[in-house]
Amino acid sequence: MKKTKLFLPLLLFAILTIVFITGCSTNDREDYSFGGSTTLEPIFTTAIESFSPKGQDVKLSYDAQGSSAGIKGLQDGIYTLAGASRELKDEEKSEGIVSTPIAIDGIAIIINEDAGVSNLTLEQVANIFAGDIDNWSQVGGNDMEITVINRDEASGTRSAFKEMVLDSVLGRESDPQFVEEAIVTDSNGDMVVKAGSTPGGVGYCGFGYIEEAKNAGAVPVSIDEIEATEENVIDGKYPISRKLNIIHREDLAKDSIEAQFIDFLLSSDGQAIVEENGFIGLEEE
Amino acid sequence: MLGREKKEHQSYIEIVLFICALLCVAAVVIITIFVLVSALPLFKEVRLSDFLFSTHWLPTSRKDPGFGILSFIIGSLYVTFGALVIAVPLGIATAIFLAEMSTPKMAEVLGSAVQLLAGIPSVIYGFFGVMVIAPKVRQLFGGSGYSVMSASIVLAIMILPTIISISEVAISAVPKGYKEASLSLGASKWQTIFKVILPAARPGILASIGLGIGRAVGETTAVLMVGGNAPIMPKGLTSMVRTLTMNIATDMGYASGLHRTALFATGGVLFVFIMLLNIFVQVIQKKVKKDI
Amino acid sequence: MSEAVKFNIRDLTVSYGNFKALHNVNMDIIENKVTALIGPSGCGKSTFLKTLNRMNDLVPNIGIEGRVLYDGKDIYSGYDVITLRKQVGMVFQASNVFPMSIYNNVAYGPRIHGIKSKKRLDHIVEESLKKAALWDEVKDRLNKDALSLSGGQQQRLCLARVMAVEPDVVLMDEPTSALDPVSTVQIEDLIRELKEHYTIVIVTHNMQQAARVSDFTVFFLNGEIVEMGSTEDIFYNPKDKRTEEYITGRFG
Amino acid sequence: MIKKYLIWMATIITIGILVAILGYMLVNGLKFVVEDEDGIINFLFQAPKKAGKEGGISTIIANTIFMIVLTLIFCVPIGLGASIYISEYAGQRRSVTAIKFSIDTLAGIPSIIFGLFGFIFFSNYLKLGVGLLSGSLTLSIMVLPTIIKTSVEAINAVPISYREGSLALGATKWDTVKRVVLPSALPGILAGVVLAIGRIIGETAALTFTMGTDYRLADSLSSSARVLSTHLYLLTKEGISFERAFATANVLIIIILIINMASNRLIKRRTIVDE
């Protein structure tokens, strides 16, 4: 009986927690899980906090594991909406999936301060990331070895960067690859930390993370003398930018929470959130 | 209660308990089957040699996809070996100190310190690695700091407690008689330790090293934070590295189709390696039981 | 010798694997009498004791042949072991009190046999402790931890624990070998008192103890009964030479 | 004589490592507490804001507690049941060797394989999604060996004489286990549960894809939940806030300290009961 005397409080506590956990979810509140690109995480988390569809009690969550992870999750049915910082690939379109752009984001090239470089031509950028240039002195910087910092294959920013820099400069048919000897990071935050802390390090990130890059000690450089600013992206002078898209099923019901969320993002409040997080709204284009 | 009713009550209890025990067996069987079965389809399209002995890892490229994980196998071995080079001498020396040279009070304090070191989560070692070890390695040896060396140091710290505690048990389990016999023959304290006690405790120490390897090879989070994660064959101590576990963790979220099967196959290689290691450790520990 | 027979054992053979601990033992145990089992260590007397309440069942790969009749029924074929052990209690050599309070130790038996009412339990505990002559020493600290009692007290507590399930027979496996002389005498007095209501079988190394407390004595040697009979016959005119040598301490 | 100094040096290095790690974490953690205007209490009881850049870790601590309780609910009954079967009922049957081998194998599997298995089996295959439930199920399989090993050890340490005493009074096997064996083995079993909690709290590799990373309060079994260890991992990797990473690391270390002390005291108490 000594055992049962001790066992009761333990059991009671366990049942209480279960009731507490399931209790909240049994009311009519619906859970929606979204996932995808780390670039869109600030937009999603801020938007989720202020998004409240007419009177419905909903809880939205966003899992930032990378654009392809979001799209894969959408295909597997784990997520009902995905965020992607790249365009859909052909085979993805064939599975009844469509993309709705909600913002534009330039991709900034961020270089560690010690490298002493503030401007690069697009060719130089392409050759650095392809591994043909390996010392900053070759591009007018200090005599330091270049350490390329790349993103993982899940990242939409990576595939957008590959298209707009490597493919466009070194030719699409040869399918030029990034240099293999590169630190692989799996999010913009990780990229910024590694670029700031690695002497001679160079990487890329969405405009939304430029502030964090500066704090971490990595300088966004101008491309062919064009500063990495929103104005230059808007009037098309800055060469590397891409749309940020919401990926969803073609047959999304008009009154579904997902559709309302997309409309919210395209609304003026939504676009304000986009701007607030350092990205570029759609209307202004 | 009537005897008969108690009889039924009895056997019903035994069945419930048996089911609990069976669930453990079921868990292992399901995991093994799931990992191996999900890995098999890879070998319909990719030859085993292209998988195990090629360094061409490009799972998502359309033109010539590559699923060679040799560089990750070497990466895992390189980092584990680096950790052993540091942790084994340190660990065994500390174990000798604990078992043979320290006062009971010191042994108790040091023992609980080692136990605490063993309890600390690997994410804290990774954090310490990023904040202290990587910058230090960068300063002293150049490179990005995220390299084989940093990963080896972090792993060494993590497997140190395993090696110390199990070696210490093996050393203090050596029968008193051996020690007295050696001392009575005029051997010095050191000759006794190195000529008699350590050889007698050798199986236990080997077992501790085996377990240390198991933990080092299986580690993911700490190595992911300081290893650099470049999918290349590590060339030197300061070059970046990606181990088998890092490869799984990095691609697991988004891999699909053949790429996901390749991850399972990587998991399978790790699984088989760890099982062989466990059997090796159990064989040695059985030998230890037989001797003493 | 026309008293009622409590146990009738017919050519009992007990073996562990291929070692024969007892071979074809035949004897009777008389009701409400004290039967002492003596003999050198390893002669099978404890094994024999443990066959009477089937505690041997716990020993892996044990072989038991022959018949052990308790009140005429063979306990090894179809007899419910729970009921048997309720009727045939046992006190062990090392006093194995449970790590509980004194009260809970004694109440343990009744509780597992379904007695729940506190009033009845209090009554049983008091009665059993009185029977074991321990009541006066512990009546005001019943919920203290039993492990805090002295060796003699703990052994009497084990006896009280057995009394609480109202057994018919009490088996004792060298109950006083770990006790001081004073506690030993206390236990022996208890045995004499309990004789009226219970059949007692005691295994002992101590010849004087056997002579003092028992009505019948059985001398075991190498798994066989050398001689058995009333305690006076065995001690004062043993028939078999080996018994005489053992009694006079020439060997064993 | 140099061997003597070598061994002394090695021991000092080992202690040095521990002191360095704990000292470094403590000093920086304290710096944060002193400088941060809210202080440690608010840090523990305020919800995180802006992905952890500001605010405290109250919801994350709550999520961690839910994870621990949920995992224990699955693995303690099964683990205890298995250990009672192995030490009391199984005897020499062949099935025991199979069970023991699978427990040792389970203990050897690296946590990333549990993460992979959990993500594919629980989240995708059983459609439990990424959240508390699939995370806790994955963890409970992982800590089963810890609970079983310590429980079997504690049960086997209960003296045989207790069991004989109980059986000799006509108790059934289950009565003996329930009323005598388990109560006296309880401190050892609790020590095992406490050690399991230590392992659960330290886990990250198996959780990122099974439990998810939502730092808000998880209020349903399927909602994604960020726990302390994953929070520390993300704060560091994403460079969100190194001060808060130190504070979180200190919370984790303090919990591990408490766990070590609790399990040592429980193990000591068990030995007192036997004497």
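Residue numbering restarts at 1 for every chain, and letters A, B, ... go by the order of the sequence lines.
Rounded to the nearest 0.5 angstrom, I160(D) CD1 and N96(C) CG are separated by 11.5 Å. Remark: Y108(C) OH to D175(D) CG distance equals 5.5 Å, nearest 0.5 Å. Between the CD1 atom of I82(C) and the CG atom of L167(D) there is a distance of 8.0 Å, given to the nearest 0.5 Å.
Applying the 6.0 Å contact sphere to NZ of K173(D) captures more than 12 heavy atoms from other residues, nucleotides or ligands. Few gaps surround CZ on R192(C); more than 12 heavy atoms of other groups in view lie less than 6.0 Å from it. For CZ of F45(D), the number of neighbouring non-hydrogen atoms (other residues, nucleotides, ligands) closer than 6.0 Å is 12 at most.
Among all heavy-atom pairs drawn from E164(D) and L58(C), the shortest one is CG-CD1, 4.2 Å. Among all heavy-atom pairs drawn from F98(C) and Y162(D), the shortest one is CE2-O, 3.3 Å.
Side chains of V180(D) and M100(C) form a contact here, defined as non-hydrogen atoms less than 4.5 Å apart.
When R54(C), K86(C), R161(C), R85(C) are compared by the number of non-hydrogen pairs under 4.5 Å with chain D, R85(C) comes out ahead.
Contact annotation for V91(C): neither backbone nor side-chain heavy atoms come within less than 4.5 Å of a heavy atom of chain D.
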